[in-house]
Protein chains: 2
Amino acid sequence: MYYTIGEIAKKLNLTTYTLRYYDKEGLLPFVERDGNGIRRFKDSDLEWLSIIECLKQTGMPLKDIRVFIDWSIQGDDTIAQRLELIRCQREAVQQQIEQLHQTLKTLDYKCWYYEKAKEAGTCEIHRQLTAKDVPDEFHDVFCRLHHLSPDDAQGKQSKAG
Amino acid sequence: MYYTIGEIAKKLNLTTYTLRYYDKEGLLPFVERDGNGIRRFKDSDLEWLSIIECLKQTGMPLKDIRVFIDWSIQGDDTIAQRLELIRCQREAVQQQIEQLHQTLKTLDYKCWYYEKAKEAGTCEIHRQLTAKDVPDEFHDVFCRLHHLSPDDAQGKQSKAG
DNA sequence: ATACTCCTTACAGTTCGCTCTAAGTCAAGG
DNA sequence: CCTTGACTTAGAGCGAACTGTAAGGAGTAT
């Protein structure tokens with residue numbers, strides 16, 4: 001079963017521009033052509049594209065993804081390198097998740113901040129509130145935002161945002 | 001206590017170029033100048049910059065962060081909008097975390113795939129292996145990668161990567 | 001025949017987020 | 001007085017990842 005570039009684009013929610021761009025960048029060396037030079041995508045190409053998509057999600061630049069593809073095409077001699085690369089990206093993703101949890105906590109604090117301000121009708125309310133009025137769960141976020149050491153937050157007030 | 005742009009750059013691990021660029025883009029309207037036009041950063045500006053950093057981490061483009069800053073400068077009339085925006089970014093971050101967990105699972109599968117291949121000395125091993133040889137935890141990843149419905153994975157073999 | 005649609009290539013243009021250069025100002029130190 | 005070094009601006013340049021255009025070809029529909 002073969003697919004045209006347009007069908008694949010639709011299936012994967014990409015544009016044909018993007019797919020041709022990937023091909024030009026050497027990410028799709030596995031895609032065959034018919035007698036007229038028209039790309040014929042196979043089911044196994046969809047698998048390749050899923051892997052490319054996965055690596056893109058890790059934040060890997062296209063030229064590095066290309067290296068991985070090249071290794072894969074090269075064959076069994078590069079298995080160890082490919083394993084190493086995947087493990088490395090795994091680590092990177094774990095760190096990104098951790099980072100996003102931090103970001104989420106900061107946004108939670110900001111939600112609380114603006115909910116309080118909305119109740120009061122003014123951000124001025126946070127001049128009265130000090131660290132001890134801030135819910136415990138936001139204590140460390142509060143300190144991070146104010147560039148304070150965690151035990152040095154008694155009387156601090158928010159002036160920004 | 002005032003800081004120069006160079007001191008702030010060092011403190012936040014940015015370049016002075018970046019900070020001036022942010023200023024040019026309207027992200028730092030709160031930064032004061034001395035008589036010679038030199039930027040004087042205050043402690044509360046560090047708090048602003050932390051918030052900018054947080055929003056950047058959510059993937060928000062600088063021009064949208066600028067909107068948030070503008071609202072903040074405008075004052076209490078925009079509290080509801082700001083709350084809305086923060087809640088929206090919170091949602092976005094939760095989705096990103098979910099997405100990264102998917103990506104992590106895919107990488108875990110790929111680790112397993114290459115560990116098996118490394119043991120065997122060849123990726124050919126995965127031609128023998130079928131869905132029932134794939135550990136249960138990877139079943140759904142396996143199906144996703146092969147664009148299969150989850151109950152239709154009996155005899156499928158990997159050809160890519 | 002001719003219109004339509006989908007494909008092809010080559011290459012130009014766009015957006016984002018910096019990154020750097022050039023030319024100049026100012027304050028401190030020898 | 002002169003150099004050094006950190007600051008200023010305007011504006012050019014860059015790399016990544018698309019995004020779009022122009023010109024053309026093949027296959028089908030009327």
Side-chain angles (χ1 to χ4, degrees), chain A residues 1-42 45 48-49 51-70 89 92 96 99 103, chain B residues 1-42 45 48-69 89 92 96 99 103:
Chain A
M1 181 60 184
Y2 290 109
Y3 310 93
T4 66
I5 197 167
E7 288 163 346
I8 293 291
K10 200 166 284 175
K11 225 182 255 268
L12 302 185
N13 255 319
L14 299 168
T15 66
T16 55
Y17 301 141
T18 304
L19 284 167
R20 289 202 196 94
Y21 170 68
Y22 286 177
D23 198 6
K24 197 162 39 175
E25 294 300 301
L27 266 66
L28 316 180
F30 42 81
V31 174
E32 293 172 8
R33 304 291 187 117
D34 72 6
N36 294 315
I38 292 182
R39 292 174 187 83
R40 296 197 305 185
F41 289 78
K42 305 178 291 299
D45 297 348
W48 278 108
L49 283 162
I51 291 157
I52 290 170
E53 170 62 17
C54 171
L55 292 176
K56 251 204 318 172
Q57 287 289 343
T58 72
M60 183 178 269
L62 298 186
K63 65 177 174 345
D64 294 357
I65 298 179
R66 193 213 152 119
V67 169
F68 175 81
I69 303 277
D70 287 346
Q89 286 314 108
Q96 285 169 43
Q99 174 60 67
T103 302
Chain B
M1 181 59 183
Y2 289 110
Y3 310 93
T4 66
I5 197 166
E7 289 164 346
I8 293 291
K10 200 166 285 176
K11 224 183 256 269
L12 302 185
N13 255 319
L14 301 167
T15 66
T16 56
Y17 302 139
T18 305
L19 284 167
R20 290 202 194 94
Y21 170 69
Y22 286 177
D23 198 5
K24 199 161 35 173
E25 295 299 301
L27 267 65
L28 316 179
F30 42 81
V31 174
E32 294 172 8
R33 304 292 186 116
D34 73 5
N36 294 314
I38 291 181
R39 293 177 188 81
R40 295 199 303 185
F41 289 77
K42 306 178 290 299
D45 297 347
W48 279 108
L49 284 162
S50 299
I51 291 157
I52 290 171
E53 170 62 17
C54 170
L55 291 176
K56 251 201 321 170
Q57 287 288 344
T58 71
M60 183 178 269
L62 297 187
K63 65 177 172 350
D64 293 357
I65 298 179
R66 194 214 151 119
V67 169
F68 176 80
I69 302 277
Q89 286 315 107
Q96 286 170 43
Q99 174 60 66
T103 301

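Within every chain, numbering begins at 1; the chains are lettered A, B, ... in the order of the sequence lines, protein sequences first and strands thereafter.
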Checklist entry - side-chain contact (heavy atoms from CB on, under 4.5 Å) between A:Leu14 and A:Ile8: does it pass, once the steps are laid out? => result CA-CA 8 Å; A:Leu14 299 168; A:Ile8 293 291; 6.0 Å; no
Checklist entry - What pairs with B:Tyr3 under side-chain hydrogen bond (donor to acceptor under 3.5 Å, both in side chains), at least two apart in sequence or on another chain? => result B:Asp43
Checklist entry - Residues two or more places apart in sequence or in another chain: which of them pass ring-ring contact (aromatic ring centres under 6.0 Å, His included) with A:Phe30? => result A:Trp48
Checklist entry - Taking any atom under 4.0 angstrom from a heavy atom of chain A, which nucleotides of DNA chain C are the first and last to qualify, 5' to 3'? => result C:dC7 to C:dC11
Checklist entry - Given D:dA16, is OP1 or OP2 found less than 4.0 Å from the side-chain N or O atoms of A:Tyr21? => result no
Identify all side-chain donor-acceptor contacts of residues 54-61 of chain A below 3.5 Å with residues at least two apart in sequence or on another chain.
| residue | atom | partner | partner atom | Å |
| --- | --- | --- | --- | --- |
| A:Lys56 | NZ | A:Tyr22 | OH | 2.7 |
| A:Gln57 | NE2 | A:Glu53 | OE2 | 3.0 |
| A:Thr58 | OG1 | A:Leu55 | O | 2.5 |
| A:Thr58 | OG1 | A:Met60 | N | 3.4 |
| A:Thr58 | OG1 | A:Gln89 | NE2 | 2.8 |

Item to check | Degree of bending in the helix from C:dA1-D:dT30 to C:dG30-D:dC1 once both end axes are built from five pairs, to 10° | outcome: 20°
Item to check | A:Val31 vs A:Ile5, side-chain contact (heavy atoms from CB on, under 4.5 Å): CA-CA, chis, key distance, verdict | outcome: CA-CA 10 Å; A:Val31 174; A:Ile5 197 167; over 6 Å; no
Item to check | Heavy-atom protein contacts under 4.0 Å, nucleotides 3-10 of chain D, coded B base, S sugar-phosphate only, - none | outcome: ----SBB-
Checklist entry - Who passes salt bridge (Lys or Arg N to Asp or Glu O under 4.0 Å) against A:Arg20, sequence neighbours left out? => result none
Scan nucleotides 21-23 of chain D against the protein and return all N/O pairs shorter than 3.5 Å with their distances rounded to 0.1 Å.
none

Item to check | B:Asp23: partners by salt bridge (Lys or Arg N to Asp or Glu O under 4.0 Å), with sequence neighbours left out | outcome: B:Arg33, B:Arg39
Checklist outcome for this item: CD1 of B:Ile65 to CD of B:Glu25, rounded to nearest 0.5 Å, is 11.0 Å
Next on the checklist: If I take atom CG in residue A:Leu19 and atom C1' in nucleotide D:dG20, what distance separates them, rounded to the nearest angstrom?
Outcome noted: 15 Å
Checklist entry - Which pairs pass side chain to side chain donor-acceptor pair (under 3.5 Å) with one or both residues in residues 6-17 of chain B, sequence neighbours excluded? => result B:Thr15-B:Thr18
Item to check | Interatomic distance where CZ belongs to A:Arg40 and P belongs to D:dA26 [whole Å] | outcome: 17 Å
Checklist entry - Which pair of heavy atoms, one from B:Leu28 and one from B:Ile52, lies closest together, and at what distance? => result CD2-CD1, 3.8 Å
Checklist entry - Which pairs with one or both residues in residues 60-69 of chain A pass salt bridge (charged side-chain N to carboxylate O under 4.0 Å, His left out), sequence neighbours excluded? => result A:Arg66-A:Asp70
Item to check | B:Ile69 CD1 to B:Leu62 CG distance, which is reported to the nearest 0.5 Å | outcome: 10.5 Å
Checklist entry - Is A:Asp34 close to A:Tyr2 at the side-chain level, that is, under 4.5 Å between some pair of heavy atoms? => result no
Checklist entry - For DNA chain C, what residues of residues 50-64 of chain B have any heavy atom nearer than 4.0 Å? => result B:Lys56, B:Pro61, B:Leu62, B:Lys63
